[in-house]
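Data block below; observations after.
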Amino acid sequence: MASVNGFVRVKGKEPLFSFGVISDVQYADIPDGRSFLGVPRYYRHSIQVLQRAVKIWNNHRKLRFAINLGDIVDGFCPKGESLTAVQKVVKEFAKFDSPTYHLIGNHCLYNLPRQDLLPLLNFPTIDGHAYYDFSPIPEYRFVVLDGYDISAIGWPRDHPKAAQALRILQEKNPNPDKNSPQGLVGIERRFLMFNGAVGREQLEWLDAILIDSTKHEQKVVVCSHMPLDPGAATPEALCWNYDEVMEVIHKYNCVKVCIAGHDHKGGYSVDSHGIHHRVLEAALECPPGTDAFGYVDVYHDRISLIGTGRMVNTEIAFDSR
């Protein structure tokens, strides 16, 4: 993927604000391994990528916050070490001089149940949800989605949301191994156990947020662990009901960008309604001495992702919708 829209930056024009980005650290104190596709994964090195990210973010001195797009520890982390591993990564994020906003990913939920995870990650909610919004300045609003709201992982086995997820998997994926896409075609390959869905209550919340953002003439950045557009990601990485989420988003003109992780190679697309989708390259897949993180400069009419290492620079100019 090349830089987008020519990456022409206006010299001397200061951004409204800036923020750091990183995704899929997936730290574990175990030897290096490979994904199910054979891609190398550097479990111990990934926390060093995060450490260098925090150092650069702090040296920048003008970053308002950072967003971690999910999966701070890996599913192969020995279960007896899960809490220690999560605490170790959280401690590194805490060295950043500004707040970090976290998202839940599937690997987070392999390690700890959400009732333990949310307090550790300081989720800014008062009702126990893992979705929320915040406005760094009046002109912009960030919406953080919980793509594992309906999920077969992270909830107690007898929880209604786990039961709903298992029903979806039974209907959509005939394989005994529900993490196998064998026989599934095209975007149907997304119906895997390591993915999930945005629940009905959350969709209604999102709709209300976008109504309010439209009323206040805010530009919205939507953040989710799983990608929301097939053009930006492999089918196996998509949110189960990405189409329902985007149906809500497409009702309004306020959403400009959707940022995601999960699909480690990264990706970029512009959908049929002119919304930009940027999937971030994973810290986990950086060989020793390489990096994948960045920061984003935000302007009235565009955002500029300035990447380090494997994270590709991306200039996103908004249309006049």
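Listed for the Arg52 side chain is a donor-acceptor partner under 3.5 Å among the backbone atoms of Thr290. Between the side chain of Trp205 and the backbone N or O of Arg200 there is no donor-acceptor pair closer than 3.5 Å. The closest donor-acceptor contact from the side chain of Lys79 to the backbone of Phe76 lies at 3.5 Å or more, if one exists at all. Proximity of a side-chain donor or acceptor of His277 to a complementary backbone N or O of Leu228 within less than 3.5 Å is not detected. Of the possible donor and acceptor atoms, one in the side chain of Asn173 sits under 3.5 Å from a partner among the backbone N and O of Phe191. Looking only at distances, a side-chain donor or acceptor of His225 sits under 3.5 Å from a matching main-chain atom of Leu69. For the pair Asp71 (side chain) and His107 (backbone), a donor-acceptor distance under 3.5 Å is present. In this structure a side-chain-to-backbone donor-acceptor pair under 3.5 Å is present from Asn68 to Gly70. A donor-acceptor pair under 3.5 Å is formed between the side chain of Lys219 and the backbone N or O of His300. When atom types are taken as modelled, the side chain of Asn313 and the backbone of Gly307 share a donor-acceptor pair closer than 3.5 angstrom.
Atom CD1 of Ile104 is separated from atom OH of Tyr131 by 12.0 Å, given to the nearest 0.5 angstrom. The distance from atom CZ of Phe17 to atom CG of Leu63, rounded to the nearest 0.5 Å, is 11.0 Å. Rounding to the nearest 0.5 Å places CG of Asp229 at 12.5 Å from SG of Cys239. Taken to the nearest 0.5 Å, the CG atom of Leu16 stands 4.5 Å off from the CD1 atom of Ile137. How far CE of Met193 is from CG of Asn175: 11.5 Å, rounded to the nearest 0.5 Å. In this structure, Asn179 CG and Phe36 CZ are separated by 8.5 Å, a value rounded to the nearest 0.5 Å.
Relative ring orientation between Phe93 and His102 is described as perpendicular, the plane-to-plane angle rising above 60° on a 0-90° scale split at 30° and 60°. Taking the six-membered ring where tryptophan is involved, the planes of His273 and His250 are essentially parallel, since the angle between them stays under 30° and well short of 60°. Using cut-offs of 30° and 60° for the angle between ring planes, the Phe134 and Tyr101 rings count as parallel. Note: Tyr148 and His262 have perpendicular aromatic rings, judged against thresholds of 30 and 60 degrees for the angle between ring planes.
A heavy-atom distance below 4.5 Å is not found between the side chains of Ser23 and His264. Side chains of Asp74 and Tyr27 form no contact here, defined as non-hydrogen atoms less than 4.5 Å apart. Considering only heavy atoms from C-beta on, Leu206 comes within 4.5 Å of Ile249 through its side chain. Using a 4.5 Å heavy-atom cutoff, the side chains of Thr84 and Asp29 are not in contact. Using a 4.5 Å cut-off on side-chain heavy atoms (C-beta onward), Met226 and Arg190 make no contact. Between Leu280 and Phe293 the shortest side-chain heavy-atom distance does not fall below 4.5 Å. Side-chain contact between His216 and Pro138: absent, with no pair of heavy atoms (C-beta onward) separated by less than 4.5 Å. The side-chain heavy atoms of Asp291 and Met311, taken from C-beta on, include no pair separated by under 4.5 Å.
One finds a salt bridge joining Arg141 and Asp212 here, because a Lys/Arg side-chain nitrogen approaches an Asp/Glu carboxylate oxygen to under 4.0 Å.
Side-chain contact check for Tyr299 and Lys13: no donor-acceptor pair (N or O, by modelled atom type) lies under 3.5 Å. If you check the side chains of Asp207 and Tyr252, you find a donor sitting under 3.5 Å from an acceptor. For the residue pair Asp263 / Thr234, a side-chain donor-acceptor distance below 3.5 Å is found, with atom types taken as modelled. Between the side chains of His129 and Asp146, not a single donor N or O lies within less than 3.5 Å of an accepting N or O.
The two residues Ala152 and Leu169 have their closest heavy-atom pair at CB-CD1, 4.2 Å. Across all non-hydrogen atoms, the minimal contact from Ala130 to Arg114 is CB-NH1, 3.9 Å. Scanning both residues, Val245 and Leu145, for their nearest heavy atoms gives CG1-CD1, 3.9 Å. The heavy-atom pair separating Ala237 from Asn195 by the smallest distance is O-OD1, 4.1 Å. Considering every non-hydrogen atom in both Val198 and Ile150, the closest pair reads C-CG1, 4.4 Å. When every heavy atom of Trp57 is checked against every heavy atom of Gly294, the shortest pair comes out as NE1-O, 3.0 Å.
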**OP:** Please assess Arg302 against Lys256 for the test side chain to side chain contact (heavy atoms under 4.5 Å, CB included), listing each intermediate value before the final yes or no.
**Re:** CA-CA 9 Å; Arg302 70 193 194 283; Lys256 303 301 179 183; over 6 Å; no

Original post:
When you look at Asn241 and Leu203, which way does the side chain to side chain contact (heavy atoms under 4.5 Å, CB included) test go after all the steps?
Top reply: CA-CA 10 Å; Asn241 65 335; Leu203 287 172; 4.1 Å; yes

Original post:
Passes salt bridge (Lys or Arg N to Asp or Glu O under 4.0 Å), Asp32 versus Arg41? Steps please.
Top reply: CA-CA 6 Å; Asp32 295 340; Arg41 292 182 163 183; over 6 Å; no

**OP:** For side chain to side chain contact (heavy atoms under 4.5 Å, CB included), just list the numbers for Leu284 and Tyr43, CA-CA rounded to whole Å, side-chain angles, deciding distance to a tenth of an Å, and then say yes or no.
**Re:** CA-CA 6 Å; Leu284 173 67; Tyr43 299 109; 3.7 Å; yes

Subject >> side chain to side chain contact (heavy atoms under 4.5 Å, CB included) between Thr100 and Leu121, intermediate numbers included >> reply: CA-CA 9 Å; Thr100 297; Leu121 299 178; over 6 Å; no

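The ring-ring contact (aromatic ring centres under 6.0 Å, His included) with His60 is formed by just one residue from the set Phe65, Tyr295, Phe19; it is Tyr295.
In this structure, Phe318 is a member of the same hydrophobic cluster as Val298, with clusters built from ILVMFWY side-chain heavy atoms closer than 4.5 Å. Hydrophobic clustering of Ile, Leu, Val, Met, Phe, Trp and Tyr side chains at less than 4.5 Å, counting indirect connections, unites Val49 with Val73. Put simply, Tyr110 and Trp240 are part of two different groups of oily side chains (I, L, V, M, F, W, Y) that touch within less than 4.5 Å, one to the next.
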